[in-house]
Amino acid sequence: MIRYSLKCAEGHSFDSWFKSADAYEALETRGLVSCAVCGGNKVTKSIMAPSVSNPSGPPPEPVSADAPAPLTGGGEANPVESAIKAIRAHVEENSTYVGGKFAEEARAIHLGDAPDRMIHGEAKLEEAKSLIEDGIQVAPLPFIPKDRSN
């Protein structure tokens with residue numbers, strides 16, 4: 001695996017992992033690498049410091065020359081990261097986490113078989129498409145649940 005610092009034509013900086021340098025090149029050539037912030041597909045690699053192994057400890061994180069300030073170490077958060085953090089807080093405070101039963105629970109609420117309330121959880125792409133086709137309003141969230149993140 002290789003991690004690249006990337007930048008889109010709109011100036012957004014972000015990192016992404018790829019299977020190999022060749023895998024990145026193949027995806028980039030086909031226009032399949034897109035900005036994590038705006039979705040634009042005019043993306044280029046940013047200048048990065050190489051990651052060199054340190055036998056006495058874990059390798060340092062690569063740093064992009066134009067990367068936004070990290071969330072740790074007292075630096076200010078990137079505005080996108082701050083917005084996602086605020087969305088997460090709002091969702092967690094105002095809805096019930098239903099895990100992998102999201103599609104089943106959303107359908108039950110829509111049909112009146114379950115109490116009307118805000119929920120969040122996970123659904124397979126096919127399940128989400130089926131809910132939308134049936135007129136049930138769903139939207140993807142820009143984060144994964146805390147219990148599923150590292």
Side-chain angles (χ1 to χ4, degrees), residues 1-48 51 58 61-150:
M1 296 290 288
I2 188 167
R3 183 172 101 182
Y4 285 129
S5 287
L6 305 170
K7 188 173 186 177
C8 78
E10 300 296 320
H12 302 123
S13 296
F14 59 100
D15 290 348
S16 191
W17 287 91
F18 298 90
K19 185 175 181 178
S20 65
D22 291 337
Y24 167 80
E25 295 299 331
L27 291 169
E28 194 273 333
T29 300
R30 293 173 39 203
L32 298 176
V33 179
S34 60
C35 176
V37 179
C38 69
N41 64 355
K42 293 188 182 197
V43 175
T44 58
K45 290 189 273 187
S46 296
I47 297 173
M48 290 180 57
S51 178
E61 290 290 317
V63 178
S64 169
D66 53 4
L71 290 175
T72 59
E76 289 188 30
N78 176 306
V80 174
E81 293 169 335
S82 296
I84 291 172
K85 187 176 180 181
I87 292 169
R88 175 192 292 274
H90 179 79
V91 167
E92 290 174 351
E93 289 173 16
N94 297 290
S95 68
T96 303
Y97 178 69
V98 295
K101 295 185 177 190
F102 177 81
E104 177 183 330
E105 192 66 21
R107 190 172 304 284
I109 292 169
H110 180 74
L111 296 173
D113 296 335
D116 188 16
R117 67 195 192 285
M118 300 297 292
I119 61 170
H120 68 282
E122 294 99 51
K124 294 179 180 167
L125 181 59
E126 303 81 34
E127 294 172 327
K129 285 181 179 180
S130 177
L131 291 170
I132 292 167
E133 288 169 358
D134 292 343
I136 302 170
Q137 295 183 358
V138 298
L141 297 173
F143 57 85
I144 59 174
K146 285 183 180 177
D147 62 340
R148 300 238 358 231
S149 61
N150 293 355

> Can you list the steps and then say if Asp15 with Arg3 is a side-chain contact (heavy atoms from CB on, under 4.5 Å)?
Replying inline: CA-CA 7 Å; Asp15 290 348; Arg3 183 172 101 182; 3.5 Å; yes
>> One pair to check against side-chain contact (heavy atoms from CB on, under 4.5 Å): Glu122 and Tyr97. What are the steps and the verdict?
In response: CA-CA 9 Å; Glu122 294 99 51; Tyr97 178 69; 2.8 Å; yes
>> The test is side-chain contact (heavy atoms from CB on, under 4.5 Å); show your working for Arg117 and Glu105 and say whether it passes.
In response: CA-CA 10 Å; Arg117 67 195 192 285; Glu105 192 66 21; 2.8 Å; yes
> Could you walk me through whether Val91 and Phe143 pass the side-chain contact (heavy atoms from CB on, under 4.5 Å) check?
Replying inline: CA-CA 11 Å; Val91 167; Phe143 57 85; 4.1 Å; yes
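Ion pair Arg107/Glu127 not flagged as a salt bridge, since none of the NZ, NE, NH1 or NH2 atoms sits closer than 4.0 Å to an Asp/Glu carboxylate oxygen. Under 4.0 Å is where a charged nitrogen must lie from a carboxylate oxygen, and between Glu25 and Lys45 at least one such pair does.
Note: Ile132 CD1 to Lys129 NZ = 9.0 Å, rounded to the nearest 0.5 Å. Interatomic distance, Ile109 CD1 to Asp116 CG, rounded to the nearest 0.5 Å: 6.5 Å. Atom CD in Glu92 sits 10.0 Å away from atom CG in Leu141 (nearest 0.5 Å). Separation of atoms CD (Glu10) and NZ (Lys42) is listed at 10.0 Å; rounding is to 0.5 Å. In this structure, Lys19 NZ and Leu27 CG are separated by 11.0 Å, a value rounded to the nearest 0.5 Å.
When every heavy atom of Met118 is checked against every heavy atom of Asn94, the shortest pair comes out as CB-O, 3.5 Å. In terms of heavy-atom proximity, Gly135 sits nearest to His110 at O-CE1, 4.0 Å. For Ser20 against Ile2, the heavy-atom pair with the smallest separation is C-CG2, 3.7 Å. For the pair Leu131 and Ala106, the tightest heavy-atom approach, listed with the atom from each and the gap, is CD1-CB, 4.2 Å. Of all heavy-atom pairs spanning Val33 and Glu28, the tightest one is CG2-N, 3.6 Å.
Side-chain contact between Val138 and Phe102: present, with at least one pair of heavy atoms (C-beta onward) separated by less than 4.5 Å.
For the side-chain contact (heavy atoms from CB on, under 4.5 Å) test with Leu6, the passing option among Cys35, Ser16, Ser13 is Ser16; the others fail.
The aromatic rings of Phe18 and Tyr24 sit perpendicular, their planes meeting at an angle over 60°, well past the 30° parallel limit.
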